[in-house]
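Here is the structure we will look at, set down as structure tokens.
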Number of protein chains: 2
Amino acid sequence: MSILSAAVDVLRCFSSTRHDVTVTDLVSLLGMPKSNASRLLRAMRDEGLLETVGDSKRYRPSLLLSQVGHIYRFAASLIDRADAVVGRISDEVGHTGYISVRRGTDIVGVTAHPGRHALRVVTSIGDRIAAFASSTGRALLARLPDDEVRRLYAGGFVPPSDTAPQDLDELLARLAINRREGYAESHDEAVRGVRAISVSVGDPTTGDEVALCISFPAAIVTPEERLAIIRSLGEGAAEIAALTRDPFFIPLHPSIAETAP
Amino acid sequence: MSILSAAVDVLRCFSSTRHDVTVTDLVSLLGMPKSNASRLLRAMRDEGLLETVGDSKRYRPSLLLSQVGHIYRFAASLIDRADAVVGRISDEVGHTGYISVRRGTDIVGVTAHPGRHALRVVTSIGDRIAAFASSTGRALLARLPDDEVRRLYAGGFVPPSDTAPQDLDELLARLAINRREGYAESHDEAVRGVRAISVSVGDPTTGDEVALCISFPAAIVTPEERLAIIRSLGEGAAEIAALTRDPFFIPLHPSIAETAP
DNA sequence: ACTCAAGTTCCATTTTATGGAACTCTCTTG
DNA sequence: CAAGAGAGTTCCATAAAATGGAACTTGAGT
């Protein structure tokens, strides 16, 4: 056990609901002796990974981490491109847009563009949600062959709501539809009343894959608006796929993509 | 020398111009034996601090760092409040807005809102500029007593242009004006043709201090627009200062703050 | 197939981390 | 205001990990 892994464990303690940690937090969260916790936090602060909050005994991530974390977006330039596309669409339609990446069976939001509507979907960057029960997750899972999806979910899963896939077979059936149509959709899955539409695109040179998603209250969007969102997302993702020469890109089905005469 | 400090040295290698590193990069940048560089990068990747780019030998910051770095903004909630204010003003006037923090004699950009104008100031998050030669820097230095400024610049400084303070006395004189007027301004300092206006505010409970800045091409802003920007920044900062009960807040001079009848 | 640059592995030595216990500091409470 | 509790720090011998030079492997370009 290197001190490096202990330090990373500390970083993993931070979340959208825990912005700072203390020695005792580490003792209870990680079960480490408090002598270690005390020295580790001080060492991480001395090295510049953490900052103390005011003159208290609380530690939070440092400016350095903020800077390095920011570079992730540019290093993974696919994210930047996708973010630009989602930002533009979010601006046009006024609904919340975000982009996410998959880590195993989890989806993590990377960037978000809040909508303008009074009734808007609020997303939290950095939180993990289940891939199988979200449109972003299924848009990304649809890029995998069924075998690999089966392997990922060998342990089964617990559906969070009635409209989410109830078992592996239903998930695979929905992924098959996603592959045919070129987009994924969710309704009342993680949050009631919320609908979301996602497409995915990858960059074979870096191995990155991201989902582009627009999320909106189901009640206030007309069928025409919904179709326009699907088309915008599909077109944006197709442009990126052309740039990266993504071999696994799933284009919109022609019957959806064709614009009215 | 703990491996922690070596790992942090690696993180410091990343910049807006270096999005990923290799073993040889570390050997030349940090002068470490390549055996160490090789193991260190692998260990950092295994722990989740870095990711390999595709299947190449290049390493970039990981999603984890992106997530933790994001938390910095919320942990330092002053930054979030200031960012909201600057974002709104940037939207209104169409010019680039950003917020920065001070680390010693350096200023680091934390968030930015690009302007809408065709001619716009582009800032890069995470890069360091000299505090004495920027409006954001002087807005933050103005919060310190002269003694402390003298101590910071005991080693003197090299002015980057004719319009920047040429020596410590001129810097102190300009800080005195900033304290009286309630804002700081730069013109042709870091970048020719660029003007910037900054105010600063702090949070005594966390010890954080940030500068709010609007930056614009000198040629296209009228005196009335400039005054409106100063007033917007001053009012926004004053609202934050009231929330945090900032004891060192410098309000706008009444002759500037008063709006036309 | 050859060459060179880049990266990885090996190993004895040196340095650092570990965790229990004693100690200090700082609030809270009687 | 003193006792007590909770939180954090320091100490120390032991256990574990990092170091760096050299040998070895990989891979891209000729």
Side-chain angles (χ1 to χ4, degrees), chain A residues 1-15 17-62 64-65 68 75 203-207 245, chain B residues 1-15 17-62 64-65 75 204-207 245:
Chain A
M1 274 287 271
S2 140
I3 196 176
L4 206 53
S5 85
V8 171
D9 287 341
V10 171
L11 295 186
R12 288 189 201 282
C13 288
F14 294 108
S15 70
T17 56
R18 187 187 300 278
H19 294 165
D20 47 37
V21 299
T22 62
V23 169
T24 3
D25 286 342
L26 289 196
V27 170
S28 61
L29 286 170
L30 303 177
M32 61 168 49
K34 60 178 181 172
S35 53
N36 282 5
S38 174
R39 278 173 308 207
L40 178 56
L41 285 176
R42 185 146 36 93
M44 288 176 75
R45 185 199 40 153
D46 290 348
E47 296 298 345
L49 288 172
L50 302 179
E51 299 176 349
T52 40
V53 178
D55 54 357
S56 72
K57 307 289 168 90
R58 313 194 70 78
Y59 291 81
R60 68 180 185 200
S62 71
L64 172 67
L65 288 176
V68 174
D203 181 346
T205 66
T206 62
R245 300 172 192 277
Chain B
M1 275 287 271
S2 139
I3 196 175
L4 206 54
S5 86
V8 171
D9 288 342
V10 171
L11 295 186
R12 289 189 202 281
C13 288
F14 293 108
S15 70
T17 56
R18 187 187 300 278
H19 295 165
D20 47 36
V21 299
T22 63
V23 170
T24 2
D25 286 342
L26 289 196
V27 171
S28 60
L29 287 170
L30 304 176
M32 61 170 46
K34 61 179 180 173
S35 54
N36 282 5
S38 173
R39 277 174 309 206
L40 178 57
L41 286 176
R42 184 147 37 90
M44 289 177 74
R45 186 203 39 166
D46 290 347
E47 297 297 346
L49 288 172
L50 301 179
E51 299 176 349
T52 39
V53 179
D55 54 357
S56 73
K57 305 291 169 81
R58 312 195 70 79
Y59 291 80
R60 68 181 185 199
S62 71
L64 171 67
L65 288 176
T205 66
T206 62
R245 300 173 193 277

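Order of the sequence lines sets the chain letters (A, B, ...), proteins ahead of strands, with each chain counted from 1.
- Spacing between atom CZ of A:Arg42 and atom C1' of D:dC11 amounts to 12 Å, rounded to whole angstrom units.
- With sequence neighbours left out, the salt bridge (Lys or Arg N to Asp or Glu O under 4.0 Å) criterion links A:Arg39 to no other residue.
- For B:Arg45, the salt bridge (Lys or Arg N to Asp or Glu O under 4.0 Å) test picks out no residue, with sequence neighbours left out.
- Recorded end-axis angle for the helix from C:dA1-D:dT30 to C:dG30-D:dC1 stands at 50°, based on five pairs per end and rounded to 10 degrees.
- Between A:Leu41 and A:Thr52, every side-chain heavy-atom pair lies at or beyond the 4.5 Å cut-off.
- Distance CG (A:Leu41) to P (C:dA17): 14 Å, rounded to an integer number of Å.
- Taken to the nearest 0.5 Å, the CG atom of A:Leu40 stands 7.0 Å off from the CG atom of B:Leu4.
- Residues that satisfy the salt bridge (Lys or Arg N to Asp or Glu O under 4.0 Å) test with B:Asp20, not counting sequence neighbours, are B:Arg58.
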**OP:** At under 4.0 Å between heavy atoms, which parts of nucleotides 12-27 of chain D does protein reach? Answer with one letter per nucleotide, 5' to 3': B base, S sugar-phosphate only, - none.
**Re:** B----SSBBBB-----
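- Summarising the geometry, the separation between CG on A:Leu40 and C1' on D:dG8 is reported as 14 Å, rounded to the nearest angstrom.
- Considering B:Thr22, B:Asp25, B:Leu26, B:Val21 in turn, B:Val21 is the only one that fulfils the side-chain contact (heavy atoms from CB on, under 4.5 Å) rule with B:Tyr59.
- Residues forming a salt bridge (Lys or Arg N to Asp or Glu O under 4.0 Å) with A:Asp9 (at least two apart in sequence, or on another chain): none.
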Original post:
After noting the C-alpha distance and the side-chain angles of B:Leu49 and B:Val10, does the key distance pass the side chain to side chain contact (heavy atoms under 4.5 Å, CB included) rule?
Top reply: CA-CA 10 Å; B:Leu49 288 172; B:Val10 171; over 6 Å; no
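- Protein atom CZ of A:Arg58 is 12 Å distant from nucleotide atom C1' of D:dA7, rounded to whole Å.
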